[in-house]
Number of protein chains: 2
Amino acid sequence: MSTTLKDIAKKTGFSVSTISRVLHDNSKKYKISEETQTKVQQTAKDLGYRLNTLARGLRMQKTYEIGLIVPDIANPFFSAVCKNLAGELRKGGYNFIVYDTDKDLSIERSAIKKVLEKRVDGLIIASVGQEFSHIQKIRDANIPLVMIDRCSDSVDVDSVSVDNVKGSMFAMNYLIKEGHTRIAFIQGTPGSYANETRLQGYKLALHDTGIAVDKHLIVGNDFRAMNGYLETKHLLKLANPPTAIFTAGNIIALGALDACKKAGVRVPQDISLVTFDDPVFTPYLSPPLTAVEQPIKKLSEMAVAILYRRMKNHHGMRKTLLLEPKLNIRSSVARISTRKNIIHSTKIEKN
Amino acid sequence: MSTTLKDIAKKTGFSVSTISRVLHDNSKKYKISEETQTKVQQTAKDLGYRLNTLARGLRMQKTYEIGLIVPDIANPFFSAVCKNLAGELRKGGYNFIVYDTDKDLSIERSAIKKVLEKRVDGLIIASVGQEFSHIQKIRDANIPLVMIDRCSDSVDVDSVSVDNVKGSMFAMNYLIKEGHTRIAFIQGTPGSYANETRLQGYKLALHDTGIAVDKHLIVGNDFRAMNGYLETKHLLKLANPPTAIFTAGNIIALGALDACKKAGVRVPQDISLVTFDDPVFTPYLSPPLTAVEQPIKKLSEMAVAILYRRMKNHHGMRKTLLLEPKLNIRSSVARISTRKNIIHSTKIEKN
DNA sequence: GACAATTGTGCAAACGATTGCATTATGGAT
DNA sequence: ATCCATAATGCAATCGTTTGCACAATTGTC
């Protein structure tokens, strides 16, 4: 259908080899005459020649493609990661194929299969699960691979992720410093990497400062807004409600905020709110939310750097990177005093 | 490196043809014996055979890949489109390659080149610009193509987009119905398809109801938050400020909201706010914003449907679809009365 | 017992590029 | 005149599949 080297060869009278060399080799190496070069290039343009990367990839055993597998591309965190990775990879002359697994492990498996069938040169994957045997297999097949946004000691693969534990501790320590001791945690999906590590940080911070963990203050079960809404409502009705809420993800925080407003509870005067994750709209909420920001740009850069390294050296030592998050302090936390706490409680009863 | 059909052939004693047929043909057609099938399948599994789509694509002249080109994947609208398209395409057995052009026409051009070199079976493109000659060329080369999120009579390509003009009119008519006559429009990037069509709807609605267009009320120059912030500040300082603001995009609205809050101007009591585009966080802002929602799911479904149609029939009639947006009424618009307007004005002076 | 139909499998030519190894022509050195 | 280096190009194998055609063996039909 489309023009091939052969067509150009026929038209110019040169051999396919010569055409190939002129068009892709920069042709210095083979000392093609100027005259031939211009002639070939001209006819290539005339005929609208377009490289066939399938043929090249097959012959060269290299595709210049990187596979990217993410649980949910509509999640601002992942779409930002996507964008940064794209830019970073472009610099190195690589393109990438994205797969959205919709947080489904079976789709993830089939995505991996597909992407390997495409003979990508490398793979970046933010796995959904806690189960990594299928990923280990890729590594065992010597396909360059880096995991992002989660790491596990149970697999021997390169990884770069954000230190969720530390992030939680930043948030919690700040709340504690401001005088809070009754701090609720609204979870995301239990069992997910993000949730478990963030929960761990929550507990650790409490433990470090000698505050007992109150199981009634750990609530919730997924990363959606409705979860934040319902659990906040529930928390506000407790006999002894928390003075602060820490949510495992930003969408949860949206729901929490909504619940507070509907209950006539003011943030931060009546209750404080901090959240993990910090997408573009957080500063524009009312009030602007204090949030744990993940270093997305750095994460992407590192992921690509580690991937390149692995593509050069299949058998190097495993590399795991844990990046430091950052607490962005805005206006959703109040310094606490006992009196405020009481006012707060009465307010609740009213509703 | 990896196992090929040949390897399996060698191991089982059958020919490459037989292996191929068993593994991909469902082999009914060629009446391969049960015995052979199981034997082949077993060794394929043992050897960890993985299809090489490069070779297959080369031979079959079909890749089962669709290229997707978007201006900014981190934009919630496009990442949602992405996700919906992915799901839709998966149903048909297609994968897709995404390119983020970063709103840069030259990157767009090179992305198109790259994606065609990959011999995708089709192309979905949300072009950045108003200039479509490069896109027309693809169509001329008989590559199935559908444009999304913008359409133009100047190119002869299939397209599906949201009726921005109508969307703007929905928003404006609502504001007008609520008694507003001084309505400002904060633009996005002038010259962009999204902006011009939304602006057109703004003007049209005013015109239809006999309200004169006041040029001082059309302000702004890009889709970012800072633009919304600065322009709102400016609008509030006018001698005769608007009673309502309509923003061309949601991020602009975030900035506008922020400016109002900082100026002590309440929404909607002191000024009303409506915006185009309606991502997940809009209902959780304070106040929940009345916004024009784009039918993203429908858009994606239609885009894929039209693409499939075009892949089957290269020479059919051009098809352009214009989908209807929807106004989600929340709490950012107040019914206006002259008295309120005066109170409002005094409030402004105070700041 | 002759012939046709069916069953099960293999041969070999594509698909479009890359590249090591010729090959030819030319000029210079001896 | 002989030999060698160099310049400019061509040959042909290869990458891993798919698939039209051929072919042998078996079964069925009259």
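Below, chains carry the letters A, B, ... as their sequence lines are ordered, and counting in each starts from 1. In this text the structure is predicted, and so the values were computed from the model without any measurement.
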For T36(B), what residues pass the side chain to side chain contact (heavy atoms under 4.5 Å, CB included) criterion, not counting sequence neighbours?
-> F14(B), T18(B), I32(B), S33(B), V40(B)
Looking only at N and O atoms, is any donor in the side chain of S17(B) or the base of dC11(C) less than 3.5 Å from an acceptor on the other one?
-> yes
Pick base, sugar-phosphate or nothing for T18(A), based on heavy-atom distances below 4.0 Å to the nucleic acid.
-> sugar-phosphate
Nearest-nucleotide wise, let me know which of G13(B) and R119(B) is further upstream toward the 5' end of DNA chain C.
-> G13(B)
For the pair made of NZ in K118(A) and P in dC15(D), what is the distance, rounded to whole Å?
-> 22 Å
Using the test side chain to side chain donor-acceptor pair (under 3.5 Å), find all partners of Y94(A) that sit at least two apart in sequence or belong to another chain.
-> K62(A)
Got a sec, which residues hit side chain to side chain donor-acceptor pair (under 3.5 Å) with T197(B), two or more places apart in sequence or on another chain?
-> N164(B)
Ignoring backbone atoms, establish whether S15(A) has a side-chain N or O less than 4.0 Å from OP1 or OP2 of dG10(D).
-> yes
What is the distance from NZ of K39(B) to P of dT9(C), rounded to the nearest Å?
-> 10 Å
Collect all protein-nucleotide pairs involving nucleotides 21-27 of chain C in which both atoms are nitrogen or oxygen and the distance is under 3.5 Å.
none

Can you name the nearest heavy-atom pair linking E88(A) to E301(A), along with the distance?
-> OE1-CG, 3.6 Å
Could you give the CD1-to-C1' distance, from I19(B) to dT19(D), as a whole number of Å?
-> 15 Å
Does T36(B) place a side-chain N or O at less than 4.0 Å from the phosphate oxygens OP1/OP2 of dT9(C)?
-> yes
Pairing residues for E117(A) by the side chain to side chain donor-acceptor pair (under 3.5 Å) criterion, not counting sequence neighbours | none
Heavy-atom pair of closest approach, residues V70(A) and V98(A) = CG2-CG1, 4.3 Å
Interatomic distance, Q61(A) CD vs dC15(D) P [rounded to whole Å] | 8 Å
Looking at S33(A), does any N or O in its side chain come under 4.0 Å of the phosphate oxygens OP1/OP2 on dT9(D)?
-> yes
Report the distance from atom NE2 of H24(B) to atom P of dT17(D), rounded to the nearest whole Å.
-> 6 Å
Under the side chain to side chain contact (heavy atoms under 4.5 Å, CB included) rule, collect the residues that match up with D104(B), sequence neighbours excluded.
-> S106(B), I107(B)
Between dC15(D) atom P and K62(A) atom NZ, what is the distance in whole Å?
-> 19 Å
With sequence neighbours excluded, residues passing side chain to side chain donor-acceptor pair (under 3.5 Å) with K39(B) = none
How close or far is atom P of dC15(C) from atom CE of M60(A), stated in whole angstroms?
-> 21 Å
Can you give me every donor-acceptor pair (side chain of residues 139-150 of chain B, partner residue at least two apart or in another chain, under 3.5 Å) with its distance?
residue, atom, partner, partner atom, Å
R139(B), NH2, H314(B), O, 3.4
D140(B), OD1, Q136(B), NE2, 3.1
R150(B), NE, S127(B), O, 3.1
R150(B), NH1, S127(B), O, 2.7

Which ones in residues 42-57 of chain B lie close to DNA chain C, meaning a heavy atom under 4.0 Å from one of its atoms?
-> none
Once you round it to whole Å, what is the distance between C1' of dT17(D) and CD1 of I8(B)?
-> 12 Å
